[in-house]
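Report on the structure given below.
Numbered from 1 within each chain, the chains take letters A, B, ... in sequence-line order. Predicted, not measured: the structure shown is a model, and the values here were computed from it.
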Amino acid sequence: MLTLNAIRNNTQEIIDRLAKRGIDRTADIMQVIALDELKRAKQTQLEQNLAKANTIAKDVGELFKAGNRAQADLKKEESIQLKEESRQLETELSELENQLTQKLYEIPNAPSAKVKTGKTPEENEVVFEWGDNPVLPENAKPHWELTSQYQLVDFELGNKITGAGFPVYTGKGARLQRALINFFLDEALSAGYYEIQPPILVNEASGFGTGQLPDKEGQMYHSPIDNLYCIPTAEVPITNMYRDVILKEDELPLKNVGYTPCFRREAGSYGSHVRGLNRLHQFDKVEIVQIAHPDNSYEILENMVDHVKGLMRKLGLKFRILRLCGGDMGFASALTYDFEAWSGAQQKWLEVSSVSNFETFQANRLKCRYKSKDGKNEFVHTLNGSALALPRIVASLLENYQTTDGINLPECLHPYLGFSKI
RNA sequence: GGAGAAAUGGCAGAGCGGUUGAAUGCGGCAGUCUUGAAAACUGUUUUAGUGAAAGCUAACGGGGGUUCGAAUCCCUCUUUCUCCGCCA
């Protein structure tokens, strides 16, 4: 959520930035400011009351020691009165606090300076493009035909065992998965990331920490018995490692990478764009996460983008980078770059990575801060990106590298695969 | 899953109803001494909210309760340890 400090001190700026999402949030921001003022007034009132009660309690103690029973009893009466009042004030205060956080939860992050105003994906800006169109044989096949022809992915079987969107990878298909994961992890390691293997079920507090809750409640698989959620991305557990943590300034930036399966209910998705590997309920992803100093988080964002570029180049996949417009960005993001790989047979762009700077939006919920040189605690900036998500990479690899007598996989994967051709 | 014990500041560890936000030790920081360092000695050292500041308020695993007053008593949840059971 946005920090109260930013809203209070830079009100107009926040409103203007939010407007880039294509919705006017002035009323919400004003409401936050009003609630905050009410809350602080109420709090002062309560604290004064408590201070009085504390003094009385001390006096009572003194009087008892001195053996002055009658006076002590008188003071007690007074204290009981105050307590009644305090209780009332406390209720009112927590009511105001709830309203305030509720309101803050509803407001998305303020897009940063580079973000263009806009509402739809068509308004995203293409900022980079690389690679040539793959040369494909006549009657090039979409990946869902290739996966069955070469017995790489069995969608029917997954359907039988679990349901739609839970494919079974078999033979070279399974080995390709494993090769990609290891390739991505090793690339991140040599870029200085620290490897993490986190739990893939998280508690409610973690869901709130990175902003999946309450915003995307229905998009996560949930086990009510234990009140745990299946992670939609490794971002959730890895970023939550820093929940309620105060870091040292010179520790920053922290660079972590983790491979996890990811689970998404994708409620409301349907149609041909979910065909094959295009959209799944369970998929594998290697995620890079950085905890950064606010002063250089945007340089770090560029570094992360460069890292992903490097992966795409090594895989030899034609791709482009979009800078998302305000309306197409995720709730928590201040600036997002999407990577799209060209899928030769489907003749369309597939989103394979999303790299974002959340500024202090997550850090505020997480209460993740660093101690600055002058001893003050400041919120960190959090960033993350897919490096990379597997299914659409697999789809593009299969489609773009198909020939009439097999699929020639890119060289960077050969050591990981133990074969070069499917 | 059953039985028992425990949870206090960066760490270790006292306190077990009344100036205890918390003894003591270690660690950290500053200083004295020293050419410098070590040792020794002296001082200092939690966080959040609010306020211009002084100050005030809150926090001893989380939540609730008893009391004029709770780190201290009660309830509850969580976590850790020991023993038993089960089991990758």
Side-chain angles (χ1 to χ4, degrees), chain A residues 1-9 32-104 197-209 213 222-229 237 240-252 254 261 360 362-380:
Chain A
M1 58 184 154
L2 291 169
T3 63
L4 274 171
N5 263 346
I7 293 177
R8 263 195 273 171
N9 301 335
V32 165
I33 290 176
L35 277 169
D36 178 51
E37 269 165 24
L38 274 175
K39 191 207 94 176
R40 293 205 327 266
K42 192 63 77 182
Q43 190 173 337
T44 311
Q45 216 181 330
L46 172 65
E47 283 177 3
Q48 281 169 356
N49 226 24
L50 289 174
K52 261 193 237 169
N54 283 345
T55 318
I56 291 173
K58 269 181 196 160
D59 290 349
V60 172
E62 297 291 324
L63 289 168
F64 264 121
K65 265 191 199 159
N68 197 341
R69 229 225 155 102
Q71 275 232 284
D73 284 341
L74 262 172
K75 285 271 185 186
K76 272 197 199 176
E77 285 299 318
E78 212 179 317
S79 180
I80 291 169
Q81 270 277 320
L82 275 174
K83 202 181 172 182
E84 219 29 66
E85 278 176 48
S86 299
R87 221 169 252 182
Q88 179 62 29
L89 287 170
E90 251 170 63
T91 321
E92 289 169 26
L93 179 63
S94 72
E95 178 55 31
L96 284 169
E97 270 170 354
N98 285 345
Q99 283 178 35
L100 183 59
T101 22
Q102 194 52 47
K103 200 75 221 169
L104 282 171
Q197 196 173 102
I200 55 180
L201 263 62
V202 294
N203 58 28
E204 209 174 9
S206 295
F208 274 96
L213 292 173
H222 180 221
S223 163
I225 298 178
D226 300 299
N227 198 20
L228 296 174
Y229 293 85
N240 269 283
M241 300 196 302
Y242 304 98
R243 174 150 49 83
D244 295 319
V245 167
I246 297 173
L247 297 157
K248 295 194 191 96
E249 190 167 20
D250 57 20
E251 285 181 273
L252 301 174
L254 288 159
T360 59
Q362 288 182 329
N364 187 22
R365 284 201 198 184
L366 290 162
K367 291 208 205 63
C368 178
R369 291 159 296 179
Y370 69 93
K371 199 176 270 299
S372 69
K373 293 204 175 65
D374 47 336
K376 283 183 73 181
N377 292 328
E378 308 278 358
F379 286 120
V380 298

Taking the nucleotide of RNA chain B with the closest heavy atom to each, which residue, A/I56 or A/K39, is nearer the 5' end?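 It is A/K39 whose nearest nucleotide is closer to the 5' end.
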Relative to the 5' end of RNA chain B, which residue comes earlier, A/Q43 or A/K58, by the nucleotide with the nearest heavy atom?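 Nearer the 5' end of the strand: A/K58.
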Counting only side-chain nitrogens and oxygens, does [X] get under 4.0 Å of the OP1 or OP2 atom of [N]?
X: A/N54; N: B/G18; answer: no
X: A/R369; N: B/A48; answer: yes
X: A/R8; N: B/U50; answer: yes
X: A/K83; N: B/G69; answer: yes
X: A/K371; N: B/U47; answer: yes

Side chains of A/V380 and A/Y242 in contact at under 4.5 Å (non-hydrogen atoms):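 No, too far: nothing below the 4.5 Å cut-off.
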Within-4.5 Å side-chain heavy-atom neighbours: A/C368 and A/L247: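 When only atoms from C-beta onward are counted, A/L247 and A/C368 do touch, with a gap below 4.5 Å.
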Using the [atom1] atoms only, state how far [M] lies from [N], rounded to an integer number of Å.
N: B/A54; M: B/U20; atom1: C1'; answer: 23 Å
N: B/G9; M: B/C83; atom1: C1'; answer: 33 Å
N: B/G65; M: B/G49; atom1: C1'; answer: 25 Å
N: B/U67; M: B/C73; atom1: C1'; answer: 10 Å
N: B/U72; M: B/G18; atom1: P; answer: 12 Å
N: B/U8; M: B/A23; atom1: C1'; answer: 12 Å
N: B/G31; M: B/A39; atom1: P; answer: 16 Å
N: B/C68; M: B/G17; atom1: C1'; answer: 12 Å

[X] side-chain proximity, nearest of [options]:
X: A/I246; options: B/C56, B/U47, B/U50; result: B/U47
X: A/A57; options: B/G69, B/U57, B/U50; result: B/G69
X: A/R40; options: B/G49, B/U47, B/U50; result: B/U50
X: A/R87; options: B/U66, B/G18, B/U47; result: B/U66
X: A/F64; options: B/C56, B/A48, B/G18; result: B/G18
X: A/L50; options: B/C68, B/G49, B/A58; result: B/A58

Would you give the length of the straight line joining atom CG of A/L93 to atom OG1 of A/T44, rounded to the nearest 0.5 angstrom?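 Reported to 0.5 Å precision, the distance equals 9.5 Å.
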Round to the nearest Å and state the distance from [X] atom [atom1] to [N] atom [atom2].
X: A/E90; N: B/G49; atom1: CD; atom2: P; result: 19 Å
X: A/L4; N: B/A48; atom1: CG; atom2: C1'; result: 14 Å
X: A/D244; N: B/G62; atom1: CG; atom2: P; result: 12 Å
X: A/Q71; N: B/G69; atom1: CD; atom2: P; result: 19 Å
X: A/D36; N: B/U50; atom1: CG; atom2: C1'; result: 11 Å
X: A/L89; N: B/G49; atom1: CG; atom2: C1'; result: 16 Å
X: A/K248; N: B/C29; atom1: NZ; atom2: P; result: 11 Å
X: A/N364; N: B/A48; atom1: CG; atom2: C1'; result: 14 Å

May I ask you to verify whether the side chain of A/E62 and the base of B/G18 hold a donor-acceptor pair under 3.5 Å?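 No, no donor-acceptor pair under 3.5 Å.
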Any chance [atom1] of [X] has more than 12 other-residue heavy atoms, nucleotides or ligands included, within less than 6.0 Å?
X: A/K103; atom1: NZ; answer: yes
X: A/Q197; atom1: CD; answer: no
X: A/E249; atom1: CD; answer: yes

May I ask you to decide if A/L2's main-chain N or O and A/N364's side chain share a donor-acceptor pair within less than 3.5 Å?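 Judged by distance alone, yes, a pair lies under 3.5 Å.
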Using Watson-Crick and G-U wobble pairs with both distances under 3.5 Å, what is the 5'-to-3' dot-bracket string of RNA chain B, with [ ] for crossing pairs and | for pairs outside the strand? ((((((((.[[[..)..(.....]]]((((((.......))))))(((((....))))).[[[[[..)....]]]]])))))))....
Quick check on salt bridge (charged side-chain N to carboxylate O under 4.0 Å, His left out): which of A/E97, A/E47, A/E92, A/E37 does A/K42 satisfy it with?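 Considering A/E97, A/E47, A/E92, A/E37, a salt bridge (charged side-chain N to carboxylate O under 4.0 Å, His left out) with A/K42 is found only for A/E92.
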Polar contact flag, side-chain donor to acceptor under 3.5 angstrom, A/Q99-A/E95: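 Side chains of A/Q99 and A/E95: pair found under 3.5 Å.
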